[in-house]
2 protein chains.
Amino acid sequence: MKKTTIKDIARELNVSTSTVSRALRDSYEIGAETKQRVLELAQRLDYTPDPVALSLLSSHSNDIGVIVPDISNPFFALVIAGIEDVAFAQGYHVVIYQSHDNYEREVMNVRHIANRRKDGMLVSLATGTQDYAHFKSLHDQGFPIVFFDRICDEIDTHKVSVDDFEGAYQATEHLIKQGCKTIAHISGPPNLLISRRRLHGYRSALLDYKIPIMEDIIMSSEYNSQEALVITRRLLSGSVKVDGIFASSDNIAIGSHAAITEAGLSMPHDIALIGFSDLPITGLLNPALSTVAQPAFEMGRSAAELLINLIKNPKNDRISISNVLRTGLVIRESSLRIQ
Amino acid sequence: MKKTTIKDIARELNVSTSTVSRALRDSYEIGAETKQRVLELAQRLDYTPDPVALSLLSSHSNDIGVIVPDISNPFFALVIAGIEDVAFAQGYHVVIYQSHDNYEREVMNVRHIANRRKDGMLVSLATGTQDYAHFKSLHDQGFPIVFFDRICDEIDTHKVSVDDFEGAYQATEHLIKQGCKTIAHISGPPNLLISRRRLHGYRSALLDYKIPIMEDIIMSSEYNSQEALVITRRLLSGSVKVDGIFASSDNIAIGSHAAITEAGLSMPHDIALIGFSDLPITGLLNPALSTVAQPAFEMGRSAAELLINLIKNPKNDRISISNVLRTGLVIRESSLRIQ
DNA sequence: ATGAAAGCGCTAACAG
DNA sequence: CTGTTAGCGCTTTCAT
């Protein structure tokens with residue numbers, strides 16, 4: 001029982017395949033009766049058009065590719081949910097790719113997407129990516145690309161991000177207002193724009209409040225809890241006694257949270273801690289983690305909208321939109337000293 | 001600058017497309033010199049075969065589809081990593097689908113996989129799925145399917161799972177040995193086999209140790225922390241005072257963990273808690289969460305191996321392998337009363 | 001209103 | 001050794 005094709009229908013009905021094709025697409029120049037018969041048989045035979053044949057013919061697929069560093073990061077999972085939300089409604093299927101923060105994997109994913117005639121792609125850069133040629137050449141050929149979160153300044157296309165600077169500034173300011181005098185920052189990988197912007201927000205806040213910036217307590221970690229745990233241990237056993245930590249992401253903050261607890265220090269009394277993203281888990285930690293909320297779902301929606309727009313109106317090529325979403329402080333126990 | 005095709009090469013070299021095709025696949029019956037020239041030009045023109053055309057021709061794609069309920073669940077993310085590990089090495093690309101625990105989505109995903117001529121699929125069932133016809137018909141047509149974790153007894157194909165009964169039994173036994181007298185269980189959705197098997201393990205352990213089974217303290221939750229939090233609150237405010245909880249998954253346990261803390265109860269003294277899976281986060285909680293380790297990565301590897309085997313040897317159709325992996329107790333602070 | 005033919009990119013008989 | 005032909009499933013001129 002193999003798949004029904006347009007040919008089967010044509011044979012059965014003693015018409016040509018083109019007639020069937022036209023009837024199926026409801027062409028105006030088809031006899032009402034013929035159309036009826038075709039539609040009926042198609043239904044009965046459970047006919048569905050072959051997407052691969054369509055792809056070969058038309059060079060598109062109704063699929064859009066999404067590349068994220070790591071699907072297990074709830075932030076990306078939420079963004080993807082947002083993407084699926086609008087893509088789905090518009091009849092697109094979203095295909096998920098992971099770069100595992102690895103440049104080669106990212107290149108492979110990009111190639112796969114282009115080869116399979118995906119209609120466009122959404123990407124959040126891998127940590128390891130320093131060279132953007134794989135995007136550049138596609139983009140120059142007019143292939144629709146939209147960056148989100150870990151965006152790329154070198155390519156002139158639509159982008160969606162949050163105001164990392166502002167979020168980081170507010171987080172740091174909050175710690176200051178809670179009475180912290182020696183605030184450390186655990187940054188993300190320096191080649192990511194979001195890491196640098198958050199670091200910048202941290203520095204600016206200290207500057208504005210006339211708090212000396214100490215390079216010794218500005219550390220850097222990958223965006224995962226395991227490494228952050230190690231880095232924070234190192235921070236805590238250093239010569240400078242800190243009483244506040246702003247972590248560049250919740251995953252980092254979770255590692256710091258564990259390190260602080262392990263060291264027998266109390267939050268927020270000994271050390272006030274704040275992260276960035278507002279992952280679902282943060283509210284369930286003990287003590288609950290303060291953080292900067294990022295509208296992840298909304299980010300996915302926006303990115304998908306921009307992409308689909310790009311797909312449907314390739315001429316809009318010239319004006320690149322950068323949508324910067326707002327963050328919001330979420331204060332929980334880990335940083336709340338003053339009620 | 002569009003993609004180079006085999007035709008471009010043929011024209012340039014004044015040979016036929018079939019010659020080029022053969023040269024590219026290194027056919028034995030091609031003049032060494034011609035072969036050389038073709039290969040060189042192909043290289044220079046950056047030729048890559050069009051996978052869509054290949055798919056249309058050969059009815060396969062070198063892609064395998066993976067359907068999981070939710071990519072943000074670190075357990076599935078790890079399984080996928082295992083799948084990618086072996087698939088990659090064998091030249092397959094893995095395409096990820098989410099069912100969001102929704103039956104309709106699962107059906108759509110299955111259809112997408114079949115239509116796009118994926119070579120096979122790996123699936124962990126959606127909670128909502130009660131009807132398996134969408135798998136059955138494909139399976140009957142000889143389409144390679146392997147189930148993992150949330151497996152399906154109704155379809156006779158390869159399966160990879162862990163010994164849920166044994167893991168649950170050991171977890172419960174551990175609580176008993178820690179002196180717990182009134183042990184609650186927060187189960188997963190009852191229509192999932194894994195939920196039932198874990199529940200069964202729990203019951204058997206109580207039975208063996210002659211501890212009365214109280215239906216009032218056997219609750220059920222979706223496999224996520226948010227709902228588990230609510231359910232556990234309800235459990236704690238019930239009339240029966242429990243001193244131990246075995247949660248059917250770590251995500252559930254994380255919700256329970258928060259509820260217990262919130263209620264001002266101490267772990268493990270007031271209530272000893274143990275989960276199931278050994279997600280990376282569990283070790284970072286405060287107190288750290290005891291759990292049953294599941295070899296997620298290994299599960300992915302095994303499932304992928306079975307699938308690829310199925311793809312390459314379709315005749316092996318008849319003998320269905322069920323690979324049951326072993327679990328292991330991971331005891332941390334949340335349940336360790338006796339040092 | 002419908003059919004015949006060409007073609008998307010590629011491979012595989014079948015001929016030479 | 002290499003070219004010709006046909007065809008995977010479908011749409012789309014171009015005829016009729």
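Order of the sequence lines fixes the chain letters, A, B, ..., with proteins taken first and strands second; residue numbering starts at 1 for each chain. Since the model is a prediction, treat every value here as computed from it, not as a measurement.
- Within 4.0 Å (heavy atoms only), A:Val15 reaches sugar-phosphate atoms of the nucleic acid but no base atom.
- Among residues two or more places apart in sequence or in another chain, the side-chain contact (heavy atoms from CB on, under 4.5 Å) test is passed with A:Leu57 by none.
- An angle of 60°, rounded to 10°, separates the two end axes of the helix from C:dA1-D:dT16 to C:dG16-D:dC1, each defined over five pairs.
- If you measure from atom CG of A:Asn115 to atom C1' of C:dC8, you get 15 Å, rounded to the nearest angstrom.
- At a threshold of 4.0 angstrom between heavy atoms, the contacts of A:Asn14 are confined to the sugar-phosphate backbone, with no base atom among them.
- Within the structure, a side-chain polar atom (N or O) of A:Ser16 is placed less than 4.0 Å from OP1 or OP2 of C:dG3.
- In terms of the side chain to side chain donor-acceptor pair (under 3.5 Å) criterion, residue partners of B:Asn73 (sequence neighbours excluded) are, by chain and number, B:Asn251.
- If you check every strand for non-hydrogen atoms under 4.0 Å, A:Thr34 touches sugar and phosphate atoms only.
- Qualifying ring pair (Phe, Tyr, Trp, His ring centres under 6.0 Å) partners for A:Phe135, counting only residues two or more places apart in sequence or in other chains: A:Phe147.
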Give every pair of a protein N or O atom and an N or O atom of nucleotides 9-11 of chain C that lie under 3.5 Å apart, one pair per line with the distance.
from, atom 1, to, atom 2, distance (Å)
C:dC10, OP1, B:Tyr47, OH, 2.7
C:dC10, OP1, B:Asp50, N, 3.3
C:dC10, OP2, B:Ile6, N, 2.6
C:dT11, OP1, B:Arg25, NE, 3.1
C:dT11, OP1, B:Arg25, NH2, 3.2
C:dT11, OP2, B:Ser21, OG, 2.8

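- The ring-ring contact (aromatic ring centres under 6.0 Å, His included) pairs that include a residue from residues 31-60 of chain B number zero, where partners must be two or more places apart or lie in different chains.
- Rounded to whole Å, the distance from CD on B:Gln36 to C1' on D:dC1 is 17 Å.
- Sorted by first and then second residue, the pairs that involve residues 73-94 of chain A and meet ring-ring contact (aromatic ring centres under 6.0 Å, His included), not counting sequence neighbours, are A:His93-B:Tyr97, A:His93-B:His112.
- Spacing between atom CD of B:Glu33 and atom C1' of D:dT2 amounts to 13 Å, rounded to whole angstrom units.
- Legend: residues meeting ring pair (Phe, Tyr, Trp, His ring centres under 6.0 Å) with B:Tyr103, ordered by chain and number and at least two apart, are B:His134.
- With hydrogens and angles disregarded, a donor-acceptor distance shorter than 3.5 Å links the side chain of A:Asn109 to the backbone of A:Gln98.
- In this structure B:Ala114 satisfies the side-chain contact (heavy atoms from CB on, under 4.5 Å) test together with B:Leu138, sequence neighbours excluded.
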